[in-house]
Participant: 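Mind looking over this structure? Questions follow.
Treat the numbers as computed from the prediction; the structure is a model and nothing was measured.
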Amino acid sequence: MAKTLRRTAAFTALAKQLMSGARGGPSLSKRVAALPRMLKATAKGQYDGGVRVAVMAAAAAYVISPIDLIPEAFLLVVGLADDAVMITWLAGAVLAETERFLEWEKLRDRSVVV
């Protein structure tokens with residue numbers, strides 16, 4: 001019971017930090033709002049996140065792919081563990097890349113075009 005409460009408290013604290021923009025970083029809502037702009041700027045070649053965005057898209061496709069159900073059916077815990085690792089990596093990658101993109105937007109907006 002105590003372990004469950006500690007886990008719940010940890011996830012609650014993480015959610016609060018993400019929502020408030022921990023350590024002065026952008027909030028989760030700003031990061032989510034930046035995703036479509038990041039994809040558009042990457043597609044236009046303005047933002048240099050092409051490979052990183054492609055790898056994140058591939059990871060998301062792997063997690064939601066029906067083909068990924070095969071390992072879960074036969075390997076049970078191991079099949080779910082690969083999804084957990086992929087989702088954890090993907091969340092961290094999205095958080096890092098959106099922060100990098102928001103910084104890039106700030107610098108781009110500050111530059112003076114003559």
Participant: Is it the case that one hydrophobic cluster holds both Val51 and Leu90, taking links as side-chain heavy atoms less than 4.5 Å apart, direct or via other members?
Facilitator: yes
Participant: Which pair of non-hydrogen atoms, one from Leu102 and one from Ala34, has the smallest distance, and what is that distance?
Facilitator: CD2-CB, 3.7 Å
Participant: Can you pull the salt bridge (charged side-chain N to carboxylate O under 4.0 Å, His left out) pairs that have at least one residue in residues 47-60, sequence neighbours excluded?
Facilitator: Asp48-Arg52, Asp48-Arg100, Arg52-Glu97
Participant: Grouping I, L, V, M, F, W and Y whenever their side-chain heavy atoms are under 4.5 Å apart, do Phe101 and Leu39 come out in a common cluster?
Facilitator: yes
Participant: Does Trp104 reach the side chain of Gln46, with side-chain heavy atoms less than 4.5 Å apart?
Facilitator: yes
Participant: Who are the side-chain contact (heavy atoms from CB on, under 4.5 Å) partners of Leu35, not counting sequence neighbours?
Facilitator: Met38, Val94, Thr98
Participant: Using side-chain hydrogen bond (donor to acceptor under 3.5 Å, both in side chains) as the criterion, list what pairs up with Glu105, not counting sequence neighbours.
Facilitator: Arg37
Participant: Return the set of residues passing side-chain hydrogen bond (donor to acceptor under 3.5 Å, both in side chains) with Glu103 (not counting sequence neighbours), or none when no residue passes.
Facilitator: none
Participant: Determine the minimum heavy-atom distance between Pro26 and Arg31, stating which atoms define it.
Facilitator: O-NE, 3.2 Å
Participant: If two hydrophobic side chains count as joined below 4.5 Å and joins carry through other members, does Val32 share a cluster with Leu95?
Facilitator: yes
Participant: For the atom pair CD1 (Ile87) and CD1 (Ile64), what is the distance rounded to the nearest 0.5 Å?
Facilitator: 10.5 Å
Participant: In chain order, what residues pass the ring pair (Phe, Tyr, Trp, His ring centres under 6.0 Å) check against Trp89, with sequence neighbours excluded?
Facilitator: none
